[in-house]
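Chain letters run A, B, ... following the sequence lines, proteins first and then strands; every chain starts at 1. This structure is a prediction, so every number in the text was calculated from the model and none was measured.
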2 protein chains.
Amino acid sequence: MKGVAIFVVQRRKALKLTQQQLADKAGVGLRFVRELEGGKPTLRMDKVNDVLRLFGCELGAVPMSRKEVDDQDPRTDA
Amino acid sequence: MKGVAIFVVQRRKALKLTQQQLADKAGVGLRFVRELEGGKPTLRMDKVNDVLRLFGCELGAVPMSRKEVDDQDPRTDA
DNA sequence: ATAAATTATACCTGATAGGGTATAGAATGG
DNA sequence: CCATTCTATACCCTATCAGGTATAATTTAT
């Protein structure tokens with residue numbers, strides 16, 4: 001599903017952290033971590049970055065995944 | 001400065017679009033495009049993605065830039 | 001130089017993100 | 001079995017994002 005969501009879940013488990021521990025380390029709420037891992041699209045970038053920083057990462061522009069490119073508005077690429 | 005901000009400015013100019021035109025195409029407000037290009041950190045991911053989609057991109061986790069890695073909280077990487 | 005276009009700021013408002021808390025159920029592990 | 005963890009709701013509250021509008025500064029073009 002959502003790229004960042006999957007990424008966070010994998011990295012968190014790799015470090016053997018609970019959502020609560022990750023939330024504490026990142027300085028965000030537990031609710032936020034759950035919404036992040038659940039793929040909520042309307043999250044604020046700064047909060048997401050607070051979490052990604054623990055993994056040495058940050059939000060950046062990346063090429064859209066193949067599937068998303070396919071069912072995109074044709075006009076977009078015109 | 002901010003990765004995504006620079007990216008948007010460059011791509012927009014490459015397409016010879018004004019901030020207004022970009023805002024219209026993306027379905028976001030002109031104010032938002034300006035704050036995005038200005039590097040405001042608290043923007044909502046869905047809105048940012050509305051813009052990046054025009055460039056065939058989306059927000060994703062990327063490795064932190066060297067400088068950011070340097071002045072990071074040491075405990076982070078412990 | 002002057003007009004036009006583009007970008008930058010500031011103010012106001014409605015909508016909502018984020019957080020805290022509580023409850024319930026489902027996995028997971030001892 | 002029982003404890004822990006995770007998921008999924010819901011409610012309430014505060015902070016603020018996003019957009020509209022207006023003004024001003026800056027850039028660009030004629």
Between B:R44 and A:L17, which residue's closest nucleotide on DNA chain D lies nearer the 5′ terminus?
A:L17
Nearest whole angstrom, please: distance from the C1' of D:dC17 to the CG of B:L36.
14 Å
Is there a side-chain contact between A:K13 and A:V9, using heavy atoms and a 4.5 Å cut-off?
yes
Between B:R31 (CZ) and C:dC11 (P), how many Å, whole number?
12 Å
Of all heavy-atom pairs linking B:K2 and B:G39, the shortest is CB-CA, 4.1 Å
Look at the side chain of B:Q21 and the backbone N and O of B:T18, then say whether any donor-acceptor pair between them is shorter than 3.5 Å.
yes
Regarding B:L30, tell me which of base, sugar-phosphate or nothing describes its non-hydrogen contacts under 4.0 Å with the strands shown.
nothing
As a test of reading the structure: which of C:dG18, C:dT7, D:dG19 is closest to the side chain of B:R12, going by heavy atoms?
C:dT7
Once you round it to whole Å, what is the distance between C1' of C:dA22 and CD of A:Q20?
15 Å
Rounded to the Å, how far apart are A:Q21 CD and D:dC6 C1'?
13 Å
Would you kindly give the CD-to-C1' distance between B:E37 and C:dT7, to the nearest whole Å?
9 Å
Rounded to whole angstroms, how far apart are CG on A:D46 and C1' on D:dA15?
12 Å
Any B:K47 side-chain N or O less than 4.0 Å from OP1/OP2 of D:dG19:
yes
Reading DNA chain C from 5' onward, which residue's closest nucleotide shows up sooner: A:T42 or A:R34?
A:T42
Can you name the nearest heavy-atom pair linking A:D50 to A:V28, along with the distance?
CB-CG1, 4.0 Å
In whole Å, what is the span from the NZ atom of B:K16 to the P atom of C:dT7?
13 Å
Atom-to-atom span, CD of B:E35 to P of C:dT9 - whole angstrom:
11 Å
